[in-house]
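Position 1 is the first residue of the sequence, and the numbers go up from there.
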Amino acid sequence: MEFNFTLKYRLPDTGIEIGVLEQRLAEGGSDDALVGLGLPGRLALAFCREAENAAAALRSALDDVQRAVPGAELVEVSPDLVGLTDVADLVGMSRQNMRKLMLANPQSFPSPVHDGSTSIWHLVDILGWLRARGSDKVTVEMTELAAAALQLNLDREGRRLHSKT
């Protein structure tokens with residue numbers, strides 16, 4: 001199966017040139033990733049990786065990046081934290097329709113992890129809710145990837161919090 005996901009990193013302060021970094025990543029097995037270097041010291045890799053399952057796709061990509069860029073610190077695995085627009089794009093509906101679903105089902109719609117002017121949810125929660133309502137636009141692979149991304153982000157946060165105590 002094919003999985004599309006993004007890994008975001010904080011780069012170690014080694015002064016490595018962009019071209020060398022891209023070459024290391026490609027040679028290290030990440031030739032299936034689009035490299036983004038928008039902010040200084042940050043790296044985003046948009047993968048399209050084939051694997052037996054989502055967890056295997058994510059794990060192999062994480063291992064490849066760690067070998068190619070030792071010391072790179074994982075910041076986020078996505079798709080995980082999303083707004084309504086993100087979900088609507090993923091399942092092929094308008095943001096307005098997604099918002100109507102949320103407002104029409106206040107008791108059953110998943111609670112956001114951040115509620116504010118821009119609310120944020122874990123994607124797997126909304127996908128599960130949509131599947132339970134019979135949506136045929138939510139695939140098993142999509143849900144599996146969102147669950148694996150959430151687990152990796154939780155593990156990363158757990159390690160971060162543990163190191164501060």
Side-chain angles (χ1 to χ4, degrees), residues 1-11 30 32-39 41-66 72-165:
M1 289 184 275
E2 194 173 85
F3 297 94
N4 295 300
F5 56 91
T6 301
L7 302 177
K8 297 176 185 174
Y9 288 90
R10 178 179 294 129
L11 295 173
S30 297
D32 57 344
L34 179 62
V35 178
L37 297 161
L39 294 173
R42 301 295 178 137
L43 170 68
L45 297 164
F47 282 88
C48 180
R49 183 154 288 201
E50 290 202 25
E52 185 177 306
N53 57 52
L58 287 166
R59 178 54 45 210
S60 68
L62 289 164
D63 290 347
D64 290 348
V65 174
Q66 203 61 95
E73 177 188 344
L74 182 65
V75 174
E76 182 184 354
V77 179
S78 65
D80 175 21
L81 298 171
V82 294
L84 290 180
T85 302
D86 301 316
V87 179
D89 289 346
L90 276 171
V91 298
M93 67 173 61
S94 70
R95 182 198 182 288
Q96 293 80 2
N97 193 18
M98 195 71 228
R99 183 168 163 72
K100 283 180 187 177
L101 284 172
M102 178 190 71
L103 293 174
N105 300 280
Q107 298 303 314
S108 64
F109 195 84
S111 297
V113 293
H114 170 76
D115 202 7
S117 60
T118 302
S119 295
I120 299 171
W121 289 262
H122 286 294
L123 177 59
V124 70
D125 295 339
I126 296 179
L127 293 178
W129 184 84
L130 288 168
R131 284 190 76 186
R133 295 179 59 82
S135 175
D136 59 353
K137 297 184 183 232
V138 178
T139 66
V140 172
E141 294 83 10
M142 195 184 297
T143 306
E144 181 186 325
L145 181 61
L150 168 59
Q151 188 60 58
L152 285 168
N153 285 327
L154 290 174
D155 292 347
R156 180 189 52 78
E157 278 299 301
R159 286 189 304 276
R160 185 183 70 81
L161 290 173
H162 182 71
S163 72
K164 292 188 181 229
T165 57

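- Distance alone, capped at 3.5 Å, places no donor-acceptor pair between the R49 side chain and the L58 backbone.
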Problem - Verdict with supporting geometry, L123 and L90, side chain to side chain contact (heavy atoms under 4.5 Å, CB included) - result: CA-CA 10 Å; L123 177 59; L90 276 171; 3.5 Å; yes
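- Residues L7 and L43 form no side-chain contact, since every pair of their non-hydrogen atoms from C-beta on lies 4.5 Å or further apart.
- Between L62 and L152 the shortest side-chain heavy-atom distance falls below 4.5 Å.
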Practice task
Check the pair E50 / M1 against side chain to side chain contact (heavy atoms under 4.5 Å, CB included), numbers first and verdict last.
Solution key: CA-CA 5 Å; E50 290 202 25; M1 289 184 275; over 6 Å; no
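- In this structure a side-chain-to-backbone donor-acceptor pair under 3.5 Å is missing from D89 to D86.
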Handout entry: R156 vs V75, side chain to side chain contact (heavy atoms under 4.5 Å, CB included): CA-CA, chis, key distance, verdict
Key = CA-CA 8 Å; R156 180 189 52 78; V75 174; 5.6 Å; no
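- Between H122 and N153, the closest side-chain pair of non-hydrogen atoms is not below 4.5 Å.
- Annotation for R99: atom CZ does not count as buried by contact number, only 12 or fewer foreign heavy atoms lying within 6.0 Å.
- Note that OG1 of T85 is 8.0 Å distant from CD of Q96, once rounded to the nearest 0.5 Å.
- One finds the CZ atom of R131 at 9.5 Å from the CE atom of M142 (value rounded to the nearest 0.5 Å).
- One N or O on the side chain of W121 and one on the backbone of P110 form a donor-acceptor pair closer than 3.5 Å.
- Other residues, nucleotides and ligands contribute more than 12 heavy atoms inside 6.0 Å of the CD atom of E157.
- Between the E76 side chain and the K8 main chain, no donor and acceptor come within less than 3.5 Å of each other.
- Between F109 and W129, the ring planes lie perpendicular to each other; the angle is over 60°, past the 30° to 60° tilted range.
- Checked by atom type, the side-chain pair Q151/D155 shows a donor-acceptor distance below 3.5 Å.
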Practice task
Show the numbers, then the answer: is there a side chain to side chain contact (heavy atoms under 4.5 Å, CB included) between K137 and L130?
Solution key: CA-CA 9 Å; K137 297 184 183 232; L130 288 168; over 6 Å; no
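- Looking only at side-chain heavy atoms (C-beta outward), T139 and E144 stay at 4.5 Å or farther from each other.
- Put simply, the side chain of I120 does not reach to within 4.5 Å of the side chain of P112, judged on heavy atoms.
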